[in-house]
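This report refers to the structure that appears directly beneath it.
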Amino acid sequence: MFAYIVRRLIYAVPILIGVNLLTFILFFIVNSPDDMARSQLGEKYVTAAAIENWKIENGYDKPLFHNAEAGGFYAYTDTIFYTKSMRLFAFDFGRSESGRDITADVSQRMWPSVALALPTFVTGIWVNICVALMVVMFRGTKLDRWAVLVFVSLMSISYLFYIIGGQYMVAKLWRLVPISGFNPTADAWKFLILPVVVGVVAGIGAGARWYRTLFIEEASQDYVRTARAKGLSEIRILFRHILPNALIPILTGVVVLIPTLFMGSLLMESFFGIPGLGSYMLDAIRSQDFAIVRSMVFIGSVLYIIGLILTDISYTWADPRVRLN
Amino acid sequence: MIKARATTAILAVLLLNACSDSTFNSPHPAETDDRTTYYSSFTLPPKHLDPALSYATDESVIIDQIYESPLGYHFLKRPYELEPLAAESLPEITYLDEAGETITDENAHVAYTRYTIRLKKDLRYQPHPAFALGEGGESLYVFADANESSAYQTIADFPEAGSRQAVANDFVYQVKRLADPKNKSPLLGFMGQYIVGLKEFSKVVGDIERDGWLNLDEFEMSGLQVIDDRTFTITIHNRYPQFVYWLAMHFFAPIAPEIDRFYKNPGFKDKNLTLDWHPVGTGAFMMTRNDPNSEIVLERNPNYRTELYPSSGSPGDLEAGFLADAGQPLPLIDRAVFRLEKELLPRWTKFLQGYYDRSGETHSNTRGVFDQAFVVGPEGLELSKDMQSHGLTIAKDVKPSMYYYGFNMRDPVVGGYTEERRKLRRALSLAFDVEDYVNIFYKGNAVAAQSPVPPGIPGQLEGREGINTYIYDWEDDKPKRKSLDLARSLLSEAGYPNGRNRDTGEPLKLFIDVQSQAISNAQMDWIRRKMSDLGVQVEYRPADWNRTREKLLTGNTQIYSHGWLADYPDPENFLFLLFGPESPLVCNCDGANNSSYENPEFDAKFSEMRAMDEGPARDALIAELIEMWRRDNVWLFSYHPLEFYLNNRWVYNHKRHGISKRTLQYLRIDPEDRTAMQLAWNEPVIWPVVGGFAGFIALLFPAVRAYRRRQKMTISPAATTED
Amino acid sequence: MDTVKIVVLWSDLLIYLLAASLTLFFWNMRGNPITAARWRQVFGTRLGMATFVVLGAYIMIALLDSLHFRLALEEDPGQKSDQVYFDNQVVSVLDLALGDMATEHERTYSAPFALQSFEKVNMKNADGVSYRDFPRLEHAGAHLADPADRGSDLVLQSLIGLAKGGVLALIFVGMQWFFLRGSTLPWRAAWTTQAVIICFAAWLIHIGNLYHVLGTDQAGNDVLYKSIKGVRTGVLLGTLATLVMLPIAVSLGIAAGYFKGWVDDVVQYLYTTLSSIPGILLIAASVLLFQVYIDLNPEFFEIGLEKADARFIALCFILGVTSWATLCRLMRAETLKISQLEYVQAAHAFGVSHFRIITRHILPNVVHIILITFVLDFSALVLAEAVLSYIGVGIDPAMASWGNMINTARSELSREPAIWWTLSGAFFFMFSLVLSANLFSDLVRDAFDPRTGLEGAA
């Protein structure tokens, strides 16, 4: 097991280098160091000397990939790509173009993201399973067919409508909760309740439909038939037989998502004014802050890879027949 | 069921809150003391708070409360009036000849101008660890390497704080900081033209390799001189009467060398401990929290000297209640909390719910939600009924600013100085009905420009004399746009009858470079339709700010959009947008004359005007300059935005200053009224929750019944076949 | 050729290419009894018929809206040459069908079916006294003599519109009935849906030319018109993004599964790398990149629409690339499985060329995966467009799209009183498209792949 994890981690290195290379190329074509300097130095009285200065100060005065002036090994290390990308592997994200320390910002902003994403995730799964179980109880009836139609309808509505509608009605018209904001103290929950509810409701359609499919598949197994033949009540069959068995694919399906919870939700955070990593990314995209986006891409990729490894591990845990080697 | 129980619990909490005294939907934490707090918002985290660097309005809102420049503006008086701020009196001005001797003869050539500034004696810095002294009088927090300072992560981690008087050398030190190229001050190039010895100083200091703090006191700048603790002089080249306005900007606020040294401590930068994030000043407020991701908190500076609320103002101020607090010690509030609020809907909603005291700080209502609250009609403002019931008050802000679409005067199609081209440009300007544009897209919150100088600035005449007679007639006591027929005939005279080239019949096609974030699709649509009234086709070339800037710098544009916010209330600051040497193509710099308007006559008269003191002779010159702009029709259209800010009823002394942002100390809040109104306005609507819960229960019963029925059905063989 | 100049955008070309290849594909399929039976299963349900008709209607609108041309300007009297010049506004066949909706601009906002503007202006009465009131709209209800008649006129005009639709539907359905009498498929559901859609469309066009059914936006454009123009963007994005990525995903996926070894390693590396980048960041970066390219090369694009179209194609491509990994992985797995089968192994033994094995044995057996991905991705892509436009990296603002509408509607909603019609327009058209696409894709998936393993968690 340990050897397996180590091997997976080593395998992750070329992937991360690839990720870095790709984002680096993309962003440098979009946004040359001169552009970055200009957008950071403001709008009035920007001189060419000031731009040069900024580039030197921020380490953008080097060649991109190959430094012909520096000899030997340094031809590759004394470049923007090397200095800006390789440090990421040590989780040293450096400074944003506006001069803030990215590591500090990320570690601070991670928690509001988790505070929003985790409850949404957990409640979402729980509610979806409950709803799906209820529907499965009536499988094969008209009720079931209508429920599926409702699920499909719910998932056909854009996420944006849920957020805009929820915020407008609950916070503006009914004044039940603060319309936006966040307070990292005891009353944080009153800011989170609405986004969590909106997130859960928006996910019911797709989620409950998927769980319903899983449960129904499970319900057609022979052992369920046997149980029913024994005269067990439907509820008992559902909770004692179907649910535990169906939990395995659910578990292995969602494990990959857990690390990415740290990344937060772009839309939720920006609409509800939660200072998490999602809104951090959105701001960075909008202000074309290369350093932040690069760091976030890196973090996202690392978390995704961790998710994949966790998934593999959860397979062995859920199903002892699976061995990792 | 578990679910039902959870829902009941949530419902109970909501109901409980509905009955209690405090409002549940308040975005602010409960106040723990009886200090008066002002609540406001900011839309973008400020990038720079260093007074040598910051050059954005939204940053000024914060740091101008903290830093004090030698001069300031009177809070109430209009037209804008300079008054001493950190200085005891307005600077004493002496003219010098080449040899540095004082000139008494008025007509002699002035080689240098010297400003002598005497400071107030009770000017003290806020408490700050940079001033903390040990028993021996040495500074406590000076570290040799990053390890030594590793225990301190934030400003609050430093147990000791000190303070001292702000002295003349601190002001001089800050000018040197402006000159230090490492600080990247936006004023470096500009001030280099004026302050004597600044360029040389900049060269010397810039070449020094350093790691950490460089004591700028060790280098001399010939234009700066400290006379005594409270007096210093600044010498500039030639005459530049507008220089006093620069002395009223935060670029010239004092920075003590200790502060600079403190923030240059090894390892501080990596903890975001920089002057750019944690300002230290002598003003009425000091910053106690700066979290650009959520909030900025200013608190009353305990060392602030006794400043009193002004007892005189402009006509009408007394009636408006702006003099009710005359003679009160400032500031009138204890704390100001600015919260990050990026989205419009929440900001506006929180204001209406009473959680923000004012509708905004810098960008009021230009395109957005605020418009619907009121409309600028002929009889002034019309507030919607809902707003009226809230008792909102309105603060008008006439910033010395404008937005304009300029022609590139070097363009082969629309540029040039022949009579034909003038007619072409005039025809296009006539068709562009600015009044309608402003009414639709800015709710009438702007005035069409009659000249490049906004109303309220000397040089722009009011009424009949002030109109642009090429475009407007004077009718019914107001300017009236000339007819579209005239535009058509002008266009025809210019060689484009019906918008078609007289020779080839090819339709005239205009290319407009727009900044994609600054214009909406609806606006582009509208402009296209107006131009098609003349038979002229329009193509847009949208781009982001950087790309647009690049196009302007290379002159690769035909019609471009731009805005200008003046630094000081003088026509010179507007007319220099037309000064030939300011063209980016001439000076190869980031010039302001984006139209590349090159008119030797204009340039000569402008240079003359620039060196003159205010007076009728200067006004006459300004009128001539404006006339040239009108005749040549350099811009497609321009307008001056009017900004209206809404204040909740418990906010007093909310008069806006178009230039100075140092107005927070005058503001007064009535916290009792605020609490009462917040309660009244935030009665939650409970029925949807109750209704939703009831509906859920109602659904549950038939479900349980259906389940029971089904449970019985399983006995029958028919039901089992479905698997 | 003198009165119109046909404009062929890249996206027009692609969508017609897609339409043609799909037709060809289905035509070829007719001979295959297994596939025919599967399709029969899809269309054997009433739901399948009804949703297909709805989708068909949307696709028809998109196709009509993809026939672009520019109208010639009148010859100028003083003109010396015979050169004909064209308007720089591009119109489509759909615009012709919609009548005057596109050109009937009001001054600014107006509510649905309103006769008066949403905002007051200064006016003068007969005595020259100025006052402020809501002005009458220029076009909406212009045929009314008295504003009070609006209610009765609406009923009357609705009846006229519905009657027109009824006649059309009768003819249309009647013809189908004549030819398809003997079919066992539930055509009645299809016909009912068709009749409803035709009646509704006729009513919309008729009433929409007299009133603003969904009001007007800030610049006074008809919101209904904008929403209908958004159909093309939605449908094209949903189909083209998949089309663009298909060749890469299929060829790489099959290559990896078939050749194994280092090819497999490289392909796996590629898709793991791509899929590990948070999609939204990758899309944002690429769209910004392309936007810069467009800005720097304005000479490539004669008219504004071509620029918007170039960005649109780029967006399709990028969305394709980000969703490429999933399909590639599925293709690889399926190919691995198939290439182990005995008849493939036998083909190997006989020395059949790789190319032939892939085209004759592997490709036909993975087609159903492509098809399922195609229909499943469609609705997800339509929904993604809205989100991307919100972030600011979506469709060019000059192009009508629901995402752009939602984006502007956000601030309109916070006005007092709220402007809700833009949001409603986008919601209605988007919801009905995505819903029918979702329902239809479910049926397709059930028919072609009974053991579904293609769907992830929410």
Side-chain angles (χ1 to χ4, degrees), chain A residues 12 14-16 18-19 22-23 26-27 29-31 124-125 128 148-149 152-153 155-161 164-165 168 172 203-211 213 217 250 253-254 256-257 260 263 266-267 270-271 281-282 284-286 288 293 296-297 299-305 308, chain C residues 47 269-270 272-293 379-380 382-387 389-393 402-403 406-407 409-410 413-414 418 420 423 426-427 430-439 441-442 451-453 455-458:
Chain A
I15 291 179
L16 291 175
V19 168
L22 190 68
T23 46
L26 278 179
F27 276 81
I29 301 173
V30 177
N31 211 1
I125 291 179
N128 290 344
V148 171
L149 192 67
V152 177
S153 305
M155 61 185 266
S156 302
I157 298 172
S158 170
Y159 209 59
L160 289 169
F161 287 112
I164 295 176
Y168 187 71
K172 186 167 163 66
I204 284 184
R209 196 175 73 129
W210 188 57
Y211 293 130
T213 326
E217 218 166 87
I250 293 176
V254 298
V256 71
L257 297 174
T260 54
M263 295 288 281
L266 222 61
L267 291 182
S270 79
F271 268 98
M281 270 193 284
L282 191 62
I285 292 173
R286 285 186 172 158
Q288 299 185 14
V293 175
M296 291 309 293
V297 167
I299 296 172
S301 309
V302 169
L303 291 174
Y304 177 80
I305 291 167
L308 289 183
Chain C
L47 190 66
Y269 171 73
L270 273 179
T272 321
T273 305
L274 268 181
S275 57
S276 75
I277 297 178
I280 209 95
L281 291 176
L282 187 63
I283 294 169
S286 321
V287 170
L288 288 176
L289 169 89
F290 200 77
Q291 188 62 47
V292 169
Y293 176 77
S379 47
V382 175
L383 292 176
E385 187 267 319
V387 173
S389 294
Y390 165 74
I391 295 170
V393 293
W402 298 319
I406 296 171
N407 205 8
R410 222 161 24 100
L413 205 60
S414 51
W420 46 269
L423 198 65
F427 178 80
M430 198 164 159
F431 178 67
S432 48
L433 173 63
V434 175
L435 180 62
S436 39
N438 271 334
L439 292 172
S441 65
D442 269 10
R451 299 287 301 173
T452 55
E455 217 180 333

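In what follows, every chain begins at residue 1, and chains take the letters A, B, ... in the order their sequences are listed. Everything quoted here is computed from the prediction, not taken from an experiment. Atom set for the values below is all heavy atoms of this structure, side chains included, hydrogens, waters and symmetry mates excluded.
- Here C:I277 is the residue among C:V382, C:I277, C:I280, C:L433 with the most heavy-atom pairs under 4.5 Å with chain A.
- Aromatic pair C:Y390/A:Y159: ring centres not closer than 6.0 Å.
- A:M296 touches chain C through backbone and side chain together, each having a heavy atom under 4.5 Å away.
- Residue with the most contacts toward chain A among C:V393, C:T272, C:V387: C:V387 (heavy-atom pairs, distance under 4.5 Å).
- Using a 4.5 Å cut-off between heavy atoms, A:I204 does not touch chain C at all.
- Taken to the nearest 0.5 Å, the CG atom of C:N438 stands 9.0 Å off from the OG atom of A:S153.
- Distance check, rounded to the nearest 0.5 Å: CG of C:L281 to CD1 of A:I285 gives 5.0 Å.
- Contacts with chain C were tallied for A:V256, A:V293, A:L267, A:I125; A:L267 has the most, counting heavy-atom pairs under 4.5 Å.
- At a 4.5 Å heavy-atom cutoff, the contact between A:L282 and chain C is made by side-chain atoms alone.
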Evaluation steps, side chain to side chain contact (heavy atoms under 4.5 Å, CB included), between A:S158 and C:F431: CA-CA 8 Å; A:S158 170; C:F431 178 67; over 6 Å; no
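- The OG1 atom of C:T273 sits 8.5 Å away from the CG atom of A:L16 when rounded to the nearest 0.5 Å.
- Atom CG in C:L383 sits 9.0 Å away from atom CG in A:L160 (nearest 0.5 Å).
- Looking at C:L423, the atoms closer than 4.5 Å to chain A (heavy atoms on both sides) sit in the backbone and in the side chain alike.
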Step-by-step side chain to side chain contact (heavy atoms under 4.5 Å, CB included) determination, C:L435 to A:I157: CA-CA 8 Å; C:L435 180 62; A:I157 298 172; over 6 Å; no
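- In this structure, the separation between CG on A:L308 and OG on C:S275 is 7.5 Å, given to the nearest 0.5 Å.
- Comparing A:V302, A:T260, A:V297 by how many heavy-atom pairs each has under 4.5 Å with chain C, the most go to A:V297.
- Interface remark: A:L22 contributes side-chain atoms only to the contact with chain C (heavy atom separation under 4.5 Å).
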